[in-house]
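Here the structure comes first, spelled out in structure tokens, and everything after it is commentary.
The sequence lines fix the lettering, A, B, ..., with proteins before strands; numbering per chain opens at 1. Values reported hereafter were calculated over all heavy atoms of this structure, with side chains retained and with hydrogens, waters and symmetry mates removed.
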Protein chains: 2
Amino acid sequence: MSGSGNEELILDRLIHEPGRLAILTVLSSVKAADFVFLQRATRLTKGNLSSHLSKLEEAGLVEIEKTFVHKKPKTSVTLTAVGRERIAHHWDQLERLRNFSEESIQEPVQE
Amino acid sequence: MSGSGNEELILDRLIHEPGRLAILTVLSSVKAADFVFLQRATRLTKGNLSSHLSKLEEAGLVEIEKTFVHKKPKTSVTLTAVGRERIAHHWDQLERLRNFSEESIQEPVQE
DNA sequence: CAAACTGGTCTGTGTCGCAAACCATACGTT
DNA sequence: AACGTATGGTTTGCGACACAGACCAGTTTG
């Protein structure tokens with residue numbers, strides 16, 4: 001009877017975290033970004049950005065490629081296919097939550 | 001110099017937290033809800049819901065009214081004006097983040 | 001060679017979300 | 001009355017984790 005569509009409304013913390021949500025969202029629109037660019041775009045500190053990136057990499061959401069350009073280290077980050085799908089899905093979930101209101105309100109305060 | 005509109009793109013953790021985002025979003029559409037209803041709607045455990053509500057109350061985002069109905073405790077929760085404004089603003093911020101992509105992309109990977 | 005800059009990683013710490021344990025009251029049964 | 005069970009929550013203990021600052025490696029500048 002479909003009483004409620006919220007059983008699956010689970011917001012993945014890994015992605016939901018503000019810093020990572022920002023990283024992933026930025027990435028989803030540029031396809032590739034280096035460390036410094038990401039830092040500027042997300043306003044994260046280096047340490048913070050670094051650890052978030054590690055976490056995202058472990059989870060297989062991003063791919064990190066380290067090279068040297070002009071004898072300086074350069075970290076290039078790209079979204080994996082999985083990552084792209086997950087972030088898109090997350091935005092869907094959020095939208096679903098936002099619209100959840102109208103869908104399945106049964107008994108606000110009966111009395 | 002207008003380069004980017006992301007200076008103010010700060011996601012308030014208090015609100016962003018999945019559990020509380022759910023609570024606030026539900027509340028924003030029903031105007032008043034009791035504990036049990038909220039628990040069902042958000043799929044949170046009692047303890048969890050309880051502590052989230054306390055936090056939201058401390059922050060002045062919700063108002064909690066405890067009464068007895070049929071000799072049983074009944075906790076009724078409503079969004080305050082501030083709360084209503086904050087949750088709306090948060091959704092705005094999220095949308096802004098989502099659209100951020102197109103706005104202020106300057107240098108993805110120059111090379 | 002020494003400072004200073006760039007581009008990151010590692011570490012310490014306080015915060016916080018989570019669920020399980022607990023509490024209070026009411027109700028049903030014997 | 002004593003005993004279990006249901007309802008409606010609150011408090012507690014703990015593990016996870018985000019944050020920023022300390023640190024490090026290599027490079028350029030003076």
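Contact check, B/Lys55 against C/dG17: a side-chain N or O comes under 4.0 Å of OP1 or OP2. Taking only side-chain nitrogens and oxygens, A/Ser50 comes nearer than 4.0 Å to OP1 or OP2 of C/dT9. Residue B/Asn48 places at least one side-chain N or O under 4.0 Å from the OP1 or OP2 atom of C/dA19. For B/His52, a side-chain nitrogen or oxygen approaches OP1 or OP2 of C/dC18 to under 4.0 Å. Distances shown here put every side-chain N or O of B/Arg13 at or beyond 4.0 Å from the OP1 or OP2 atom of C/dT15.
Spacing between atom NZ of B/Lys72 and atom C1' of C/dG28 amounts to 12 Å, rounded to whole angstrom units. The interatomic distance linking B/Glu58 (CD) with C/dT15 (P) rounds to 14 Å, in whole Å. Regarding B/His16, its NE2 atom lies at a distance of 12 Å from the P atom of C/dG17, rounded to whole Å. Residue B/Phe68 contributes atom CZ, which lies 12 Å from atom P of C/dA24 at whole-angstrom precision. B/Lys74 places its NZ atom 17 Å from the C1' atom of C/dA26, with the value rounded to the nearest Å. What separates CD1 of B/Ile15 from P of C/dG17 is a distance of 13 Å, to the nearest Å. Between the NZ atom of A/Lys66 and the P atom of C/dG7 there is a distance of 15 Å, rounded to whole Å. The interatomic distance linking B/His70 (NE2) with C/dA26 (P) rounds to 14 Å, in whole Å.
Comparing atom distances between the A/Lys46 side chain and each of C/dT9, C/dG17, C/dT6 picks out C/dT9 as nearest.
Among the protein residues, B/Thr75 comes within range of the sugar-phosphate backbone only, with heavy atoms under 4.0 Å from sugar or phosphate atoms but none that close to a base. Heavy atoms of B/Gln39 sit nowhere under 4.0 angstrom from any nucleic acid atom.
A donor-acceptor pair is defined here as one N or O able to donate and one able to accept, closer than 3.5 Å; no such pair exists between the side chain of A/Arg86 and the backbone of A/Ile15. With hydrogens and angles ignored, the 3.5 Å screen pairs no side-chain donor or acceptor of B/Thr75 with any backbone N or O of B/Phe35. The backbone N or O of A/His90 sits nowhere less than 3.5 Å from a side-chain atom of A/His16 that would complete a donor-acceptor pair. In this structure a side-chain-to-backbone donor-acceptor pair under 3.5 Å is missing from B/Arg20 to B/Leu56. The backbone N or O of B/Asp34 lies less than 3.5 Å from no partner atom in the side chain of B/Ser76, so there is not a single donor-acceptor pair.
At a cut-off of 3.5 Å, with distance as the only test, a side-chain donor of A/His52 or A/Asn48 sits close to an acceptor on the other residue.
Taking every nucleotide of DNA chain D with any atom under 4.0 Å from a non-hydrogen atom of chain A, the first and last of them, 5' to 3', are D/dC17 to D/dT27.
We find the CG-CZ distance between B/Leu38 and B/Arg43 to be 13.0 Å, quoted to the nearest 0.5 Å.
Where B/Val36 and A/Glu17 each meet DNA chain D at their nearest nucleotide, the meeting point lying more 5' is that of B/Val36.
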